[in-house]
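Let me begin by presenting the structure, written as structure tokens, before commenting on it.
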Amino acid sequence: EDFGMVPVEAQACGCPIIALGKGGALESVVEGQSGLFCQEQSAEAFVSAISEFMAGKLPKDAEACRSSALRFSKPLFREKFLSFVSS
């Protein structure tokens with residue numbers, strides 16, 4: 001995905017994300033708060049990230065995940081869009 005709607009939807013449900021640190025995930029995931037990034041696209045990199053997650057290197061904070069997703073809510077989008085157009 002270019003933007004990364006799936007990570008936003010998962011975060012909205014309180015789930016932290018493990019994603020490749022490229023593309024849309026860089027916009028939608030806050031590393032260390034709502035997810036972890038792998039720096040390369042390999043099974044080993046993802047196994048390592050999952051191990052970090054399981055070891056507690058990422059707080060399992062559902063509210064932090066939800067807050068991250070709310071940055072992309074419809075009301076906030078409308079507010080920012082109207083502000084941009086008005087200026």
Side-chain angles (χ1 to χ4, degrees):
E1 289 183 90
D2 289 339
F3 168 68
M5 186 55 93
V6 171
V8 173
E9 290 173 339
Q11 290 174 92
C13 294
C15 295
I17 303 300
I18 296 174
L20 183 61
K22 295 182 180 179
L26 294 173
E27 298 293 326
S28 62
V29 178
V30 179
E31 187 165 25
Q33 293 180 10
S34 64
L36 293 173
F37 291 126
C38 294
Q39 298 310 313
E40 63 181 61
Q41 189 171 351
S42 69
E44 293 81 14
F46 278 89
V47 167
S48 176
I50 292 167
S51 296
E52 285 183 41
F53 175 76
M54 297 302 286
K57 299 232 172 142
L58 173 66
K60 295 173 182 139
D61 184 350
E63 194 53 44
C65 293
R66 182 152 169 69
S67 292
S68 180
L70 288 175
R71 297 177 296 139
F72 304 99
S73 69
K74 280 185 182 181
L76 189 57
F77 173 82
R78 284 190 188 118
E79 177 185 319
K80 288 182 176 185
F81 184 79
L82 291 173
S83 175
F84 177 79
V85 170
S86 295
S87 65

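When hydrophobic clusters are built by joining Ile, Leu, Val, Met, Phe, Trp and Tyr residues whose side-chain heavy atoms come closer than 4.5 Å, directly or via intermediates, V30 is not grouped with F72. The cluster map of Ile, Leu, Val, Met, Phe, Trp and Tyr, joined by side-chain heavy atoms under 4.5 Å apart, puts L76 and V85 in different clusters.
From F46, atom CZ reaches atom OG of S42 across 8.0 Å, with rounding to the nearest 0.5 Å. Rounding to the nearest 0.5 angstrom, the gap separating the CD atom in Q11 from the CZ atom in R71 is 7.0 Å. For the atom pair CD of E40 and NZ of K22, the computed distance is 9.0 Å after rounding to the nearest 0.5 Å. E31 CD to S68 OG: the interatomic distance, rounded to the nearest 0.5 Å, is 12.0 Å. Note that CD of E9 is 10.5 Å distant from OG of S28, once rounded to the nearest 0.5 Å. In this structure, the separation between OG on S67 and CG on D61 is 8.0 Å, given to the nearest 0.5 Å.
What you find for L36 and E52 is that their closest heavy atoms are CD1-CB, 4.1 Å. In terms of heavy atoms, A49 sits closest to C38 at CB-SG, 3.6 Å. Heavy atoms only, all atoms of each residue included: P7 and V29 are closest at CB-CG2, 4.1 Å. When all heavy atoms of A19 and A25 are compared, the closest pair comes out as CB-CB, 3.8 Å.
Counting heavy atoms from C-beta on, the side chains of I17 and F37 never come closer than 4.5 Å. Taking 4.5 Å as the limit, some side-chain heavy atom of I18 sits within range of a side-chain heavy atom of I50.
Taking the side-chain contact (heavy atoms from CB on, under 4.5 Å) definition, one finds that A62 meets it with nothing, sequence neighbours left out. Residues forming a ring-ring contact (aromatic ring centres under 6.0 Å, His included) with F84 (at least two apart in sequence, or on another chain): none.
The local environment of CD in E27 is sparse, with at most 12 non-hydrogen atoms from other residues, nucleotides or ligands closer than 6.0 Å.
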